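Given the structure is predicted, the values throughout are model-derived calculations rather than measurements.
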Amino acid sequence: MTRLAAVGGLLLGGTMVTHAVASEPGTPDAVPFSTASPADAHTSGPGADVVRRLGTSRTAGSWVGEDGRTVVAVTDEEAAAEVRATGAEPRMVRHSMDDFDSATRTLSSAPRVPGTAWMKDYRSNQVVVRGDSTVSEDDWSSLTEVADGIGDFVTMERVGGTFTTRLAGGLPVLSTAGRCSAGFNVTDGRREFILTAGHCGPQGSVWFSDDGGRKKVGTTVGGSFPGDDYSLIAYEGGKAGENAGVVAVGGGKGVRITGVADPTVGQRIFRSGSTSGLRDGEVTALDVTVNYPEGTVGGLIESDVCAEPGDSGGPMFSEGVALGVTSGGSGDCRSGGITYFQPLTKALADLDLKLIVAPGADGGSPSPEPSQAQGVAAPDAATPGSSTSVRGILPDPSTLVSRLADPRNVGPGLLVMGGSLVALVASRWIRAEQDRKAYRRQYSEMWG
């Protein structure tokens with residue numbers, strides 16, 4: 001019976017392996033997807049249109065309130081009336097966006113101090129200058145003098161930790177430069193690429209999906225850092241493969257990406273990284289300047305979501321809409337912190353690329369205009385987006401046990417075959433032991 005079970009196990013395991021190999025994704029050329037470009041995107045949330053119409057001298061930004069309603073900062077009653085007419089809520093403030101822009105230009109012209117950052121806080125109507133633990137007292141005093149010369153709406157704030165790029169998806173990609181996370185798949189119409197953080201590696205960096213350097217993903221072919229923080233990894237075979245419009249969030253799960261947009265202050269967002277997985281938070285500022293040790297990066301998105309080394313380049317999204325890739329920050333996911341993101345629309349426009357978006361949830365044709373119907377949900381109602389399983393992008397970052405247990409892989413079949421071989425060997429030992437005992441019994445009966 002043991003031998004029969006072992007032979008049956010070998011046949012079953014062989015069938016499972018054959019089925020797993022046969023069910024591998026077909027040619028990437030046959031994978032259905034659509035694209036979204038910056039031209040399809042919203043610009044800085046639902047209050048952008050009225051802010052653009054009123055101008056920077058009469059407004060000071062917009063954000064999403066806790067109830068999901070758009071709030072627009074204005075400097076006069078006439079502008080407030082126009083905001084009310086659109087259904088948004090006006091907020092009277094002293095300082096306009098022109099004041100903010102003038103302040104940040106003055107700060108940028110001052111001697112560069114690594115470990116500092118400044119942001120336009122729309123909700124408090126202030127420009128906030130931050131300094132981390134690496135900034136000396138002398139440098140902090142010099143920057144404070146610059147801020148005092150601008151006006152009382154510029155405030156100084158010390159923060160713990162250090163402002164660093166998050167180099168140790170997304171899913172992990174590895175090179176000699178370190179470990180980062182894959183961001184979004186993009187295309188120029190002929191080839192397909194991974195868009196990730198620019199500080200992850202210089203042009204020519206070779207990326208792998210395994211520690212042993214056996215599974216080559218591709219090579220960095222362009223990007224911008226410092227100044228911006230994005231780079232482009234060309235896939236080894238030129239194609240992203242199945243599920244190119246899906247971002248991984250861990251545990252074999254993913255989120256369908258349906259469009260691209262700019263975020264708005266107050267919006268609830270989600271980010272995925274190969275170190276800390278899926279995390280959520282709120283956008284706290286836009287157009288932020290950060291002085292990393294490696295150089296200055298401007299135009300970043302600030303959020304209170306946490307991130308850790310290795311999360312660099314991972315995707316930031318909300319309601320299935322792609323927003324940015326992880327740049328850097330301070331703190332970690334135990335104590336909390338600040339995380340900065342490279343806006344995706346800026347990177348796509350600079351590189352003249354389009355975002356690859358997923359087919360519909362039913363597997364049908366993608367939406368022809370994936371970004372047009374997307375809006376900003378109230379913070380407490382926002383979700384990452386439509387979920388699906390992850391397959392065919394990069395190896396799943398789940399545990400070894402879960403990979404071996406996945407019936408779509410060859411692992412379970414190999415385990416069945418291995419166990420059957422052990423049983424077959426054991427059956428021979430069992431038979432030999434039974435024959436030996438039978439002989440001893442017979443010998444004992446014959447000789448008393």
Quick one: do R130 and F163 satisfy side chain to side chain contact (heavy atoms under 4.5 Å, CB included)? Show the steps, please. CA-CA 10 Å; R130 295 194 175 105; F163 293 139; 4.1 Å; yes
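Other residues, nucleotides and ligands place no more than 12 heavy atoms under 6.0 Å from the CG atom of D352.
Side chains of S303 and E282: a donor-acceptor N/O pair is absent below 3.5 angstrom, by distance only. The closest side-chain donor-acceptor pair between T56 and D98 falls under 3.5 angstrom. Judged by distance alone, the side chains of S327 and H199 never bring a donor and an acceptor atom under 3.5 Å apart. Residues R179 and S312 bring no donor and acceptor atom of their side chains to less than 3.5 Å of each other.
Between V265 and E302 the shortest side-chain heavy-atom distance does not fall below 4.5 Å. Looking only at side-chain heavy atoms (C-beta outward), S272 and V247 stay at 4.5 Å or farther from each other.
With N185 contributing its side chain and I356 its backbone, the two residues share no donor-acceptor pair below 3.5 Å. Checking side-chain atoms of D280 against main-chain N and O of F270 turns up no donor-acceptor pair under 3.5 Å.
Ionic pairing of R190 and D188 is present here: one or more N-O contacts between side-chain nitrogen and carboxylate oxygen are shorter than 4.0 angstrom. For the pair D101 and R105, the salt-bridge criterion is not met [side-chain N within less than 4.0 Å of a carboxylate O].
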